[in-house]
Amino acid sequence: MTALEKTEKLPCSFGVYQKISKIKLLALDVDGVLTDGSINMGAEGEIFKAFNVKDGLGISCALRNDISIAIITGRKSPIIHNRAKELGIELLSEGVKDKYSELMRIAKELKLSREEVAYMGDDLNDLAAFRAAGIKFAPADAVHEVLAAADYISTKNGGQGAVREVIERILSSQGKWQGIVTAYSSCGQGDKQ
């Protein structure tokens with residue numbers, strides 16, 4: 001089954017829709033999910049990452065509507081720290097080797113059941129975290145093994161609005177998205193992007 005076939009099939013599935021509607025925490029990998037996976041290095045180390053503003057606004061909408069956002073990444077970078085701070089993400093775990101244990105720790109800290117936890121990853125090092133999540137998301141350009149394990153595959157690639165698509169799906173399933181759109185139609189919400 002291709003990524004497109006799986007994506008077209010899943011949004012119509014009542015079971016997946018029900019699972020998505022229970023989500024209270026969305027945990028995200030960085031490289032390949034919040035970015036396109038490129039690591040831009042200079043002589044002094046990583047010099048920049050490109051983030052998608054649509055993902056940023058989606059994260060702001062989620063945080064404002066009772067969806068916690070966590071970042072769990074194997075890398076350590078001041079760039080990631082700055083982006084998390086800018087968006088108001090307080091759950092930031094860097095330099096993580098065991099994403100399963102870290103996601104379980106965060107869920108326990110927030111007193112959430114597995115069914116209330118989602119994780120979005122794109123590569124082999126994200127598969128363990130999938131075991132701790134009630135629903136597993138992947139960007140369209142994730143590796144084959146992650147696509148095969150995912151419950152929902154975004155139509156967008158990592159760093160190109162995949163996170164926003166997933167957040168819209170979560171908030172829509174909870175009956176919140178149209179209210180968000182209506183609020184933006186009348187005035188700005190002061191979100192960071």
Side-chain angles (χ1 to χ4, degrees), residues 3 7 20 23-97 99 102-103 106 117-126 129-130 133 135-143 146-147 150 152-172 176-177 180-181 183-184 188-193:
T7 303
I20 292 173
I23 298 304
K24 293 183 179 176
L25 167 67
L26 174 60
L28 305 166
D29 180 34
V30 176
D31 295 315
V33 173
L34 284 168
T35 74
D36 68 3
S38 298
I39 298 174
N40 303 282
M41 302 286 282
E44 302 299 318
E46 190 172 47
I47 54 175
F48 71 89
K49 289 183 181 290
F51 296 96
N52 187 292
V53 296
K54 290 178 182 68
D55 289 341
L57 184 62
I59 288 168
S60 292
C61 289
L63 290 169
R64 236 185 28 256
N65 284 275
D66 304 317
I67 305 295
S68 296
I69 302 292
I71 291 175
I72 303 175
T73 179
R75 295 180 59 80
K76 286 187 177 184
S77 168
I79 297 166
I80 297 168
H81 183 80
N82 291 341
R83 183 64 171 154
K85 183 177 179 183
E86 177 181 52
L87 293 174
I89 298 170
E90 297 177 1
L91 301 169
L92 173 60
S93 301
E94 297 178 275
V96 176
K97 291 184 181 182
K99 292 184 179 186
E102 185 62 12
L103 184 52
I106 293 168
V117 175
Y119 184 83
M120 187 172 200
D122 71 302
D123 214 334
L124 299 177
N125 59 342
D126 296 306
F130 273 10
I135 190 154
K136 300 157 283 288
F137 295 109
D141 60 342
V143 299
V146 170
L147 294 174
Y152 180 92
I153 300 168
S154 171
T155 60
K156 302 200 175 2
N157 290 341
Q160 297 180 1
V163 172
R164 169 66 172 268
E165 180 181 328
V166 162
I167 289 172
E168 283 186 30
R169 183 72 59 194
I170 293 167
L171 292 171
S172 291
K176 298 175 181 176
W177 185 252
I180 292 167
V181 173
Y184 274 102
Q189 302 301 306
D191 291 309
K192 300 284 185 182
Q193 290 181 282

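These values consider heavy atoms only, across backbone and side chains, with no hydrogens, waters or symmetry-generated copies.
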- Message: So does D36 get a backbone contact from the side chain of N157, meaning a donor-acceptor N/O pair under 3.5 Å?
- Response: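 Not a single qualifying donor-acceptor pair exists.
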- Message: Is it the case that the side chain of D55 and the backbone of R164 share a donor-acceptor pair, with hydrogens and angles ignored and the cut-off at 3.5 Å?
- Response: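 Yes.
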- Evaluate the criterion side chain to side chain contact (heavy atoms under 4.5 Å, CB included) for residue pair K176 and D66; output intermediate values, then yes/no. CA-CA 10 Å; K176 298 175 181 176; D66 304 317; 4.2 Å; yes
Go through the structure and list residues passing side chain to side chain donor-acceptor pair (under 3.5 Å) with [X], not counting sequence neighbours.
| X | value |
| --- | --- |
| S93 | E102 |
| D29 | K99 |
| Q160 | none |
| D123 | none |

Those residues that, when tested against [X], pass side-chain contact (heavy atoms from CB on, under 4.5 Å) (two or more places apart):
| X | answer |
| --- | --- |
| L92 | I71, I80, H81, A84, E94 |
| N82 | none |
| L25 | S68, A70, L91, L103, I106, L110, L112, V117 |
| K136 | R114, F130, A133, D151 |

What are the two closest heavy atoms between [X] and [Y], and how far apart are they?
| X | Y | answer |
| --- | --- | --- |
| G121 | A142 | O-CB, 4.3 Å |
| A118 | I23 | CB-CD1, 3.7 Å |
| N52 | G161 | ND2-N, 3.5 Å |

Could you state the interatomic distance from [atom1] ([X]) to [atom2] ([Y]), rounded to the nearest 0.5 Å?
| X | Y | atom1 | atom2 | value |
| --- | --- | --- | --- | --- |
| K49 | R75 | NZ | CZ | 5.0 Å |
| L63 | L87 | CG | CG | 8.0 Å |
| K97 | N125 | NZ | CG | 12.5 Å |
| I153 | D141 | CD1 | CG | 11.0 Å |
| S154 | D122 | OG | CG | 12.0 Å |
| M120 | I135 | CE | CD1 | 11.0 Å |

- Message: Which residues pass the salt bridge (charged side-chain N to carboxylate O under 4.0 Å, His left out) test with K24, not counting sequence neighbours?
- Response: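 For K24 the salt bridge (charged side-chain N to carboxylate O under 4.0 Å, His left out) partners, ignoring immediate neighbours, are E116.
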- Step-by-step side chain to side chain contact (heavy atoms under 4.5 Å, CB included) determination, R169 to S172: CA-CA 5 Å; R169 183 72 59 194; S172 291; 5.8 Å; no
- Query: What residue among I170, L28, V163 forms side chain to side chain contact (heavy atoms under 4.5 Å, CB included) with F137?
  - Reply: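 Going through I170, L28, V163 one by one, the side chain to side chain contact (heavy atoms under 4.5 Å, CB included) with F137 is satisfied by I170 alone.
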- Are any non-hydrogen side-chain atoms of I59 and I167 less than 4.5 angstrom apart?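 With C-beta onward as the side chain, the pair touches.
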- Item | F51 and I79: CA distance, side-chain angles, deciding distance, side chain to side chain contact (heavy atoms under 4.5 Å, CB included) verdict | CA-CA 10 Å; F51 296 96; I79 297 166; 3.8 Å; yes
